[in-house]
Amino acid sequence: QVQLVESGGGLVQAGGSLRLSCAASGSTFSSSSYAMAWFRQAPGKEREFVAAISRSSHTYYGDSVKGRFTISRGNVRNTVHLQMDRLKPEDTAVYYCAAHRVILSSIRNPDMYANWGQGTQVTVSS
């Protein structure tokens, strides 16, 4: 079983920055085998792909965040960060960390991830 714990959400003004972190643990988790991703969900909307990092550390981004957000593996083992810059009010959502053994062609699909964190709220004020 894999446990994922997010941190770093909060309230920020438009144009500001936040950094989210996700710490993974569990006997079956291995960063060399699992892709890790961030998804977000705003009220009344479907869960949206934000960013992912493959087990070989290739990165992928949703069109709405490309050029503003950066996903990376942390220096602490089994952690992933999402650096969010130039935030916009439309970035407001609950952000979820996800992990699983996902093939690259499905890395943007939330249905392919079996392990999810509890979510962290990000609110961007205008």
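Below, each value reflects all heavy atoms present in this structure, side chains not excepted, and no hydrogens, waters or symmetry copies.
For the residue pair Glu48 and Ser64, a side-chain donor N or O sits within less than 3.5 Å of a side-chain acceptor on the partner.
The distance between the ring centers of Phe69 and Tyr61 does not fall below 6.0 angstrom.
A heavy-atom distance below 4.5 Å is found between the side chains of Gln118 and Glu6. For the pair Val50/Met84, no side-chain contact is recorded, criterion being any heavy-atom separation below 4.5 Å from C-beta on. The shortest side-chain heavy-atom distance between Tyr113 and Ile107 falls under the 4.5 Å cut-off. Thr92 has its side chain within reach of Gln121: a pair of non-hydrogen atoms, C-beta onward, lies under 4.5 Å apart. Asn78 is not listed as a side-chain neighbour of Tyr34, based on a closest heavy-atom distance of 4.5 Å or more. Looking at heavy atoms from C-beta onward, Asp91 lies in side-chain contact with Arg40 at the 4.5 angstrom threshold. For the pair Leu104/Tyr60, a side-chain contact is recorded, criterion being any heavy-atom separation below 4.5 Å from C-beta on.
For CZ of Arg55, the number of neighbouring non-hydrogen atoms (other residues, nucleotides, ligands) closer than 6.0 Å is 12 at most.
Arg19 contributes atom CZ, which lies 4.0 Å from atom NE2 of His81 (distance to the nearest 0.5 angstrom).
Here the side chain of Gln83 pairs no donor or acceptor atom with the backbone of Thr70 at under 3.5 angstrom.
Linking Ile, Leu, Val, Met, Phe, Trp and Tyr whenever their side-chain heavy atoms come within less than 4.5 Å leaves Leu87 and Tyr96 in two separate clusters. Linking ILVMFWY residues whenever their side-chain heavy atoms come closer than 4.5 Å, directly or via other members, places Trp38 and Val12 in the same cluster. By the rule that hydrophobic residues join a cluster once side-chain heavy atoms approach within less than 4.5 Å of another member, Tyr95 and Ile71 end up as members of one cluster.
What you find for Trp116 and Pro110 is that their closest heavy atoms are CZ2-O, 3.4 Å. The two residues Arg73 and Met36 have their closest heavy-atom pair at NH1-SD, 4.2 Å. Pairing each heavy atom of Ala52 with each of Ala37, the nearest pair is CB-CB, 3.7 Å.
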ask   = Going through the checks in order, is the salt bridge (Lys or Arg N to Asp or Glu O under 4.0 Å) test met by Lys66 and Asp63?
value = CA-CA 5 Å; Lys66 200 173 297 183; Asp63 289 341; 3.4 Å; yes

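Other cluster members for Leu11: none, since no ILVMFWY side-chain heavy atom sits under 4.5 Å from it.
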